[in-house]
Amino acid sequence: MDAAPEVPPIEIDGKPHLPFQVQIEYTRLDGAKCMRVLTDVKPVTFDRAVAEKGIDLAILGKHIANTTARLAMEGEFTQARVSAIVGQRLIEKNSHANPKARSQYNALMTDIIPLENALRDRQEEEIREYGGNLSDYGNNTGSDDESERIVVPVKKVKAKKKKVQRRTDMSDSLANYCYQVKENPSTTYSRAESDSDD
């Protein structure tokens, strides 16, 4: 998939807006192939506080869970863990506003914490098994105590070899969990939304 060229914001009523277009291709029941095109402009902000105020935590939570699981399945454990931790912090920071947001945060943590912990454990096993972590970046076991951090310099492993090795070494339970989270980020998000709406 080619990256679209960067589109500069346009001014509407003296405020920056970003135009976008979504093209949805589908096949109707009668077999006809169709495309629906949606075009819109949305206001842009460069103020983080304003941007975070408008976050849809349910959508963001699903995205974080999906991204974390996809990266884990690709053998990118460090990037998956970073996605989980950064996403968790962003949602936690913005979940104090109301009970619905807190419920969505708790639902995300139901998926993310066990996955991130399993990935950390797997990286620690790699250190014991191979004398180093298969990540290109060395290893940080996740400890906040500087004295307990283990940074093991390892030679860079080609992405394809790392992916094959990690898939071979990945337990069935971890692989199944990654697949479940990736394909169906927790139904608890939907439950959290509907429970809070009652």
Side-chain angles (χ1 to χ4, degrees), residues 1-28 33-113 115-116 119 135-137 140 142 144 159 178-198:
M1 180 182 216
D2 294 331
E6 191 171 312
V7 178
I10 58 174
E11 293 287 323
I12 298 177
D13 296 330
K15 296 181 181 176
H17 285 68
L18 187 65
F20 70 93
Q21 185 177 81
V22 176
Q23 298 176 357
I24 304 169
E25 294 180 16
Y26 62 96
T27 304
R28 292 191 331 206
K33 294 194 183 266
C34 302
M35 178 187 289
R36 183 169 184 182
V37 179
L38 305 171
T39 305
D40 201 355
V41 292
K42 291 289 182 183
V44 176
T45 183
F46 297 99
D47 181 348
R48 183 176 180 160
V50 171
E52 287 181 2
K53 185 178 179 184
I55 287 177
D56 183 327
L57 295 180
I59 291 172
L60 182 60
K62 289 175 186 178
H63 172 74
I64 291 165
N66 185 287
T67 300
T68 301
R70 179 183 51 79
L71 288 167
M73 291 174 72
E74 292 172 0
E76 298 295 343
F77 292 176
T78 301
Q79 290 179 1
R81 290 183 63 210
V82 168
S83 170
I85 293 166
V86 169
Q88 177 267 333
R89 288 179 181 163
L90 177 63
I91 290 180
E92 195 276 334
K93 176 182 169 187
N94 290 283
S95 68
H96 298 290
N98 61 52
K100 179 180 175 181
R102 197 65 192 174
S103 180
Q104 291 169 335
Y105 170 77
N106 292 335
L108 173 67
M109 292 304 98
T110 300
D111 283 342
I112 294 299
I113 288 175
L115 180 54
E116 195 277 326
L119 294 175
S135 291
D136 292 342
Y137 311 107
N140 174 358
D144 290 332
C178 287
Y179 180 78
Q180 289 171 353
V181 171
K182 180 178 178 289
E183 294 303 314
N184 187 18
S186 185
T187 55
T188 56
Y189 303 123
S190 300
R191 279 201 309 270
E193 292 174 46
S194 62
D195 289 349
S196 299
D197 291 340
D198 293 340

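Hydrogens, waters and symmetry mates play no part in the numbers below; they use all other heavy atoms, side chains included. Numbers here are sequence positions counted from 1.
- Looking at every heavy atom in both residues, Q88 comes nearest to Y105 through NE2-OH, 2.8 Å.
- Considering only heavy atoms from C-beta on, L71 comes within 4.5 Å of E74 through its side chain.
- Here NZ of K62 is found 8.5 Å from CG of D56. Values are rounded to the nearest 0.5 Å.
- Taking both residues in full, the closest heavy atoms of A69 and C178 are given as CB-O, 3.3 Å, listed atom of the first, atom of the second, then distance.
- Note: Y26 OH to K33 NZ = 12.5 Å, rounded to the nearest 0.5 Å.
- Taking all atoms of both residues into account, the shortest heavy-atom contact from S83 to T68 is OG-OG1, 3.1 Å.
- Partners of L60 by side chain to side chain contact (heavy atoms under 4.5 Å, CB included), not counting sequence neighbours, listed by chain and number: I55, I64, L90, I91.
- The 12-atom threshold is not exceeded at CD of E25, counting heavy atoms of other residues, nucleotides or ligands nearer than 6.0 Å.
- Annotation: side chain of L57 is in contact with side chain of N94 (closest heavy-atom distance under 4.5 Å).
- Evaluation of the side chain to side chain contact (heavy atoms under 4.5 Å, CB included) rule for K53 yields no partner, not counting sequence neighbours.
- Although no hydrogens or angles enter the test, the distance criterion places no donor-acceptor pair under 3.5 Å between the side chain of S103 and the main chain of K100.
- At least one side-chain heavy atom of E116 sits less than 4.5 Å from a side-chain heavy atom of I85.
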Please list every donor-acceptor pair under 3.5 Å in which a side-chain atom of residues 36-45 meets a protein atom from a residue at least two apart or in another chain.
unit_1: T39; atom_1: OG1; unit_2: Q21; atom_2: NE2; d: 3.1
unit_1: T45; atom_1: OG1; unit_2: D47; atom_2: N; d: 3.0

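- Smallest separation of non-hydrogen atoms from S95 and R102: OG-NH1, 2.8 Å.
- Residues that satisfy the side-chain hydrogen bond (donor to acceptor under 3.5 Å, both in side chains) test with K93, not counting sequence neighbours, are E52.
- Taking a 6.0 Å sphere around CZ of F20, one finds it holds more than 12 heavy atoms contributed by other residues, nucleotides or ligands.
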